[in-house]
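Encoded as structure tokens, the structure appears first; notes follow it.
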Number of protein chains: 2
Amino acid sequence: MMDTKTRIIESAIEIFGEDLSAPLQKVADNADITRRTLHRYFADRNELVAVCRQEIESSCKKAMLTAIQSSNEPLVQLESMLYAGIDCGSKYALFKRLHQGEDHYHNPENKNCADYDAIFKAFHKIIIQLQKQGKVNSEMSSQWIQVLHRGIVESTVHAKAHTTKSEEEIKKLAWASYIKAISP
Amino acid sequence: MMDTKTRIIESAIEIFGEDLSAPLQKVADNADITRRTLHRYFADRNELVAVCRQEIESSCKKAMLTAIQSSNEPLVQLESMLYAGIDCGSKYALFKRLHQGEDHYHNPENKNCADYDAIFKAFHKIIIQLQKQGKVNSEMSSQWIQVLHRGIVESTVHAKAHTTKSEEEIKKLAWASYIKAISP
DNA sequence: CTATAATTTCTCAAAAGTGTGACATTGCAT
DNA sequence: ATGCAATGTCACACTTTTGAGAAATTATAG
């Protein structure tokens, strides 16, 4: 069984991902503990939300960086980044929302923002390389491709829950669709 | 200026789409009215949520049916369906969630469910036709294509808010990416 | 078995959110 | 300008959510 604190955080990410204002009772139920226990680990709602944020930041960031460093071949890097996003599951959508939501004030002084920037910069570089190699459509901006990337990740995460296909199979399907979408 | 009642509904759909338990104050703020005014149009939260649901059902359904009926050419139909989804904006994501969410009990007796089924059946038929014509990859199931469709729509809706590109331009980009993704 | 750490149960008070009545203000058609 | 309809302001009671104390229960290590 998972560590209680970790279980609370995972549950909270699940619940808050769909409903940030959901009562803490829901989070507690989802984690199979009492609300009282939850409050022993987290002083208040804000603290829990903050910790979730931090957990999302660090685990998505780590997954993305590992993917980027997995190879020198941009096509392999891009494929790994797609799979990394899918593996992050619901966290990935939150990660994006946290940095792109309309309420978010982007500030490069902030470490989280800086790291996010670094990841997107690397993504941008990968796309430029692929465009130079003629493997990616040069008429598509890397912004659009990033948006598409997110869309494919989220679709695949949704699909994982509603299909009989194996995880491996569906990931390959996602990659096939994605690379064709952005090919010249 | 939009009709107040309509504005409240649109605001509520926006807010509830991301956070179903959000305080009504947020909906009121978003609609630029007081909470008191909101309560003059909707007796309570449940009523507002129900009306939102109905509005989503009917407007998405209408948009989709119009798209399907826009042509006899399956490729044109598919393109229209994509644009229709984009035009529905945040409603489209909700529409899908309402019918595919894990809490939703699908019941063909229910008119909403039946209509949803009819739309998906039409979509399925269009894909099959395109596969027979060799315009769509036969190795992709129509389920996967439907998931992808949703992903592209949601990405595009997100992108609309964060780009300087014209709506027309971004829609064309979405269609170009989509059709390539599912081409043989 | 025993000590002790973690969790639950029950409780309660403070805070936030909800719905409404009474009246003031604004906007707009006549 | 007048009057009506829509909206805003403020005050209020009510409900739900929140956070925490105290004691009982359960699990766990030694």
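A, B, ... follow the sequence lines: proteins, then strands. Residue 1 opens every chain.
If you measure from atom CZ of B/Arg7 to atom C1' of D/dT7, you get 11 Å, rounded to the nearest angstrom. Distance CD (B/Gln25) to C1' (D/dC10): 14 Å, rounded to an integer number of Å. Note: CG (B/Asp32) to C1' (D/dG8) measures 13 Å, nearest angstrom. B/His39 has its NE2 atom 17 Å from the P atom of D/dC14, to the nearest Å. Atoms CD1 (A/Ile33) and P (C/dT9) sit 12 Å apart, rounded to a whole Å. Rounded to whole Å, the distance from NZ on B/Lys5 to P on D/dA5 is 18 Å. Separating the CG atom of A/Leu38 from the P atom of C/dT8 is a distance of 11 Å, rounded to the nearest angstrom.
OP1 or OP2 of C/dT18 sits under 4.0 Å from a side-chain N or O of B/Arg45. Look at A/Tyr41 and you'll find a side-chain N or O under 4.0 angstrom from OP1 or OP2 of C/dT7. The side chain of B/Thr4 contributes an N or O atom lying less than 4.0 Å from OP1 or OP2 of D/dT7. Contact annotation: A/Thr37 side-chain N/O to C/dT8 OP1/OP2 distance is under 4.0 Å.
Aromatic ring orientation, A/Trp175 versus A/Tyr178: perpendicular (interplanar angle above 60°, classes split at 30° and 60°). Using bins of under 30°, 30° to 60° and over 60° for the plane-to-plane angle, the ring pair A/His149/A/Tyr92 lands in the tilted bin.
Closest-nucleotide positions on DNA chain D for A/Arg36 and A/Leu24 were compared, and the one nearer the 5' end corresponds to A/Leu24.
With hydrogens and angles left out, the side chain of B/Arg35 and the base of C/dG17 share no donor-acceptor pair within 3.5 Å. Taking only distance into account, the side chain of A/Arg40 never meets the base of D/dG19 through a donor-acceptor pair shorter than 3.5 Å.
Using a distance-only test at 3.5 Å, with no hydrogens or angles considered, no donor-acceptor pair links the side chain of A/Gln131 to the main chain of A/Val136.
Relative to the six-membered ring of A/Tyr41, A/Lys5 misses at least one condition, a distance below 6.0 Å or an angle of at most 45° to the axis.
Inspection of the A/Thr163 and B/Trp144 side chains reveals no N or O donor paired with an N or O acceptor under 3.5 Å.
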